Amino acid sequence: MKIAYSNLACPEWSMEEVFTHAAEVGFDGVEIRLLDGNVIPHTIDAVVRERIVKLARDSGVEIIGIGASTRFATPDTSERERNVDELLRYIELAARMEVPMVRTFGGGFKVGAADEREAVQFVAEGLTKVAQRAKELGVSVLLETHDEFSHSAMVRDVLLQVNSREIGALWDAHHPYRMGEGVEETYRNLAPSLQHVHLKDARRKGDDWELVVFGEGEVPVQDVVQKLSDAGYDRYLCVEWERKWHPEIEQAKTALPKHMTILKEYLARA
């Protein structure tokens, strides 16, 4: 397995610093969520695209994915169509940059059995609408275990409806765990479509969660790595240190090397 990190970890870093530090610490890849401290737009021009691609190439660090914020669970048809169009633009951006995947969310909805079935249908319909274009451009679109889709069975149910090799699953280790799922349950639900993994640790802090370095929280990160190793998973593990959303946590310059050291230890034991 190769190791990447999301540049959510370092909103204050330039793209030059993102790739320089990645190479220095020994990361194989970078997942791009931010540009100049803000969520990367799909509208970046050719000059910016080519600069980022050159930085990656010169550093020897792969750009493994782009993080979109698209969501499809809303009952508002026009809003879903707007998100379909936006996701298509991100797929095209990824293709121009030769990036293999784009992450998407399912989105939020009112919890209830009927609402869940409807939300699954809405997300499946949205992803079906981008599947052919993703196939044409050689880009995978990955639905993350996140927000109300933190339950891995919901991600599974969406992907069963879409039934496309280009539309896959992204396992964020924290969110299914905080929903009460164990590693075996999550892996069983996602395994047929699993293409990417986000790793982060956290511990409960009242009604919220506090992000911490691997091994300092309660998310079974080592067990996730062990399960993936046992199953023959050979794709990327991505360290997701979300300092963009949680500026109080440790800076990337010191936190990322800690995560790399611990994750290598996990892999050596697996």
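No experiment lies behind these values; they were computed from the predicted model shown.
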- Does E166 have any salt bridge (Lys or Arg N to Asp or Glu O under 4.0 Å) partners at least two apart in sequence or in another chain, and if so, which? none

- Note on the structure: For R33, the salt bridge (Lys or Arg N to Asp or Glu O under 4.0 Å) test, sequence neighbours excluded, returns none

- Give the intermediate values and the outcome of salt bridge (charged side-chain N to carboxylate O under 4.0 Å, His left out) for residues R203 and E218. CA-CA 5 Å; R203 58 187 170 217; E218 57 182 273; over 6 Å; no

- Whether N83 side chain and R71 backbone form a donor-acceptor pair below 3.5 Å: yes

- Task: Please answer whether the main-chain N or O of V155 pairs with a side-chain N or O of N189 as donor and acceptor at a distance below 3.5 Å.
- Result: no

- Which distance, rounded to the nearest 0.5 Å, do you find between the OH of Y177 and the CD of E185? 13.5 Å

Under a plain distance cut-off of 3.5 Å, with no hydrogens placed, do [Y] and [X] share a side-chain donor-acceptor pair?
X: T20; Y: E16; result: no
X: H175; Y: R178; result: yes
X: S78; Y: D76; result: yes

- Task: State whether the number of non-hydrogen atoms from other residues, nucleotides or ligands found under 6.0 Å of R49 atom CZ is greater than 12.
- Result: yes

- Neighbour count >12 (heavy atoms, 6.0 Å) for atom NZ, K244: yes

- Item | Pair H196 and W171, ring centroids less than 6.0 Å apart | no

- Item | V139 side chain reached by V102 side chain, heavy atoms, under 4.5 Å | yes

- Task: Only pairs at least two apart or in different chains count here, so list each ring-ring contact (aromatic ring centres under 6.0 Å, His included) that has a residue in residues 12-38.
- Result: Y5-F27, W13-H21

